[in-house]
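Chain A is the first sequence line, chain B the second, and so forth, proteins listed ahead of strands; every chain is numbered from 1.
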Amino acid sequence: VSETCKVSSERRGDVAILWTDGYINNQGGEEIAREAYAHLGQGARALVLNLEKTRIVNSIGISILIEVLEKVMDRKGVLAFCGLTPTIDKTFRIMGLAQYAQIYPSQDEALRGVGRPTA
Amino acid sequence: MTSPAPISPPSRIEELWKRIGGILEGEGPLPGRIAEAALVATGARDATIYLRERDAWVRAGERLAGRVEPGEIPEPLPEGAFVREGDLWVPLAAEGEIHGILRLLDVPSGEPPEQTALLAFLFGSLVGAHRLARLVRDAEFELKARLLELESLYDLGLSLAGQLDLSSLADEVLFRSISLTDAGKGTLVLFEASGAVQLSRSVGGDLLAARDAIGWTIPEGGAINNAAASVPTAGMKLATCQKCLAVAISVPGRILGILAVADKESRDGRVLDFTATDARLLSLFANQAAAAIETARLHREAIEKERIERELELAAAIQRQILPRDLPRVEGLEVAARNIPTRHVGGDYFDFFPLSGGRLGFLVADVSGKGVPAALLVSTVHAAVHLQIDEAKTIADLVARIDRHLQRYAATRKFLTAFFGVVEPDTGRLRYVSAGHNPALLRRASGAIEQVKATGLPIGMFPNATWREETLTMGEGDLLCVYTDGVTEALDASEEEFGLERLQRVLSGSGDASPAELCRRVFEQVEEFAADVPQYDDQTLLLVRRRRASR
């Protein structure tokens, strides 16, 4: 498992999908935040974070994800997660991320959940 | 006491407070709204809010870039508003503590001091409440993180209890250890009982070469919290990390492995020291891993034991199927035979072959090895004998045919010793081949005992071997005893063997007892000799006596 988290993204209408690959720690969290803020700045309404290639998240990664969530909520946007391992799923629920972000089993369900892209 | 009469503010100030109120009630982070309200209230060109975060100042509304440069904020900070290099600095205090600073650029001159004091009071209260909310949120986060640790320990226990695959088990322990200690990297190494590395897992690169892990000297149950792990400590040689924490995965008396994490992260990118809580958490994970690894090992051993038991049962079943169920009735002869298989099924085999002219063929064999392989070899020999016995011209020919069969079809290094005999009841003539078998015993009617020795090598041992066929004559009342070494090599508690002499004594001292009775007595004596000592080789006895002519 690599310590460096890679983040890629794609815009589908007003929804941005972000894929992570690796450990979501300080570096991984910053990568996600940078990518997420770029999409928010370009008018994305909803973010879908697909974590199916991530098996570890630490508390710093979580605090950055909370910052991203707060920023999305400030803009009346939506944040959704999918592809979580059972351990990460439980971690997000305990740490309160699931209180304001939505968690879906698959990317398709997440996209349906946040509303179909407009283009 | 009467209330003071309300003062009606001038309309300009009333309008100003309305605007400020509107901004403060708006959306977005509070510090940004305060800065915006301050601009409206003072007419300044720009405003910056500094917030106190734990023991440092940060610029509000910015991420890591919001860290304040040394000297940016005057130290010590005056209690009231002050002007510095043209900027108006307003400490924002509440309850006697400064929670933030408002820095205003290019404030138009003539701002009434009482208005600045009012803004300082209002914004100080707001920033104080904001900071308190952040402290509560941080405390709540910490609390949730502790809850997560407890939940993780519980989940890991449950998960590992049913986890018998070492690889998955190692991943589970390592990932949780790294995650919950905020480590940047980690390594888990498990050792074989021999000390060799059984398994190695890493995140973020190996902290140590697996071969070096064997040399680690972490005390059982202890943790090494090494703040400068690039320097070898306590036998550890860690590469590519600044600070590490390592614990042994151990059961009493043995270290099963090592769990190490390194480079604890902070939000601002620094590498922190691991804490006592981290060490305790890692030790708890290591304890759970040790228990799970032991469970997995015991499970593997139980499965192996069960497999061996099944194999032994199968071997015993094969052997039972092959041994004759009934003894042949042959005019002029009395026969008896018995096989006692041990728990570790060996490869003893006996058989009778009624032949033309009233003759009786018989065989006692002992194949090499134990368990299913030996049982299968017995099965092969049994098939070969029954296929070849009508084709063979002599006993030596039969033995040579079986030998060729084994050389061709049986696995290498498999052989057997065997005694083949064919006796003619009328004449008492016994033709035989003893292929490396223990000496048979011929007890004459007089009670004298003669040894019938091997006439060739064991079958299947060397290619192109030959066997000599011998003949002897059994007088009336003479008895031939063929046995396997499980009888003479039966052990007692002091590991003494029953021996050939004791067998001979039983035979010579049994008078006119029938072969069946003699067979019973021999096994009785062997059992009495061995007492309750478990035996590791099959015991087989075959007796043929030529009847006395009826007078």
Exercise for review: Indicate whether any N or O donor in one side chain lies under 3.5 Å from an N or O acceptor in the other, for N25(A) and E265(B).
Suggested key: yes

Point to revise | Segment of R146(B) engaging chain A (4.5 angstrom heavy-atom cut-off) | key: neither

Check your understanding: Listed by residue number, which members of residues 74-81 of chain A have a heavy atom under 4.5 Å from any heavy atom of chain B?
Key -> D74(A), K76(A)

**Study point:** Set of residues satisfying side chain to side chain contact (heavy atoms under 4.5 Å, CB included) with respect to S179(B), sequence neighbours excluded
**Key:** I56(A)

Practice item. Measure D155(B) against the heavy atoms of chain A and call it side chain, backbone, both or neither at under 4.5 Å. Key: side chain

Practice item. Answer with side chain, backbone, both or neither: which region of S266(B) has an atom nearer than 4.5 Å to a non-hydrogen atom of chain A? Key: backbone

Practice item. Could you tell me whether R55(A) and E172(B) have a side-chain N and a carboxylate O separated by less than 4.0 Å? Key: no

Practice item. Any chance you could measure K144(B), atom NZ, to S59(A), atom OG, to the nearest 0.5 Å? Key: 13.0 Å

Check your understanding: How would you list, in number order, the residues of residues 98-107 of chain A that have a heavy atom less than 4.5 Å from chain B?
Key -> none

**Study point:** For the student: nearest non-hydrogen atoms of Y23(A) and D182(B), plus distance
**Key:** OH-C, 4.2 Å

Point to revise | Residue pairs involving residues 42-73 of chain A (criterion ring-ring contact (aromatic ring centres under 6.0 Å, His included); sequence neighbours excluded) | key: none

Practice item. Return the option, out of I66(A), T87(A), T91(A), N58(A), with the maximum number of heavy-atom pairs under 4.5 Å with chain B. Key: N58(A)

Review point. So how far is it from R267(B) CZ to E67(A) CD, rounded to the nearest 0.5 Å?
Key: 4.5 Å

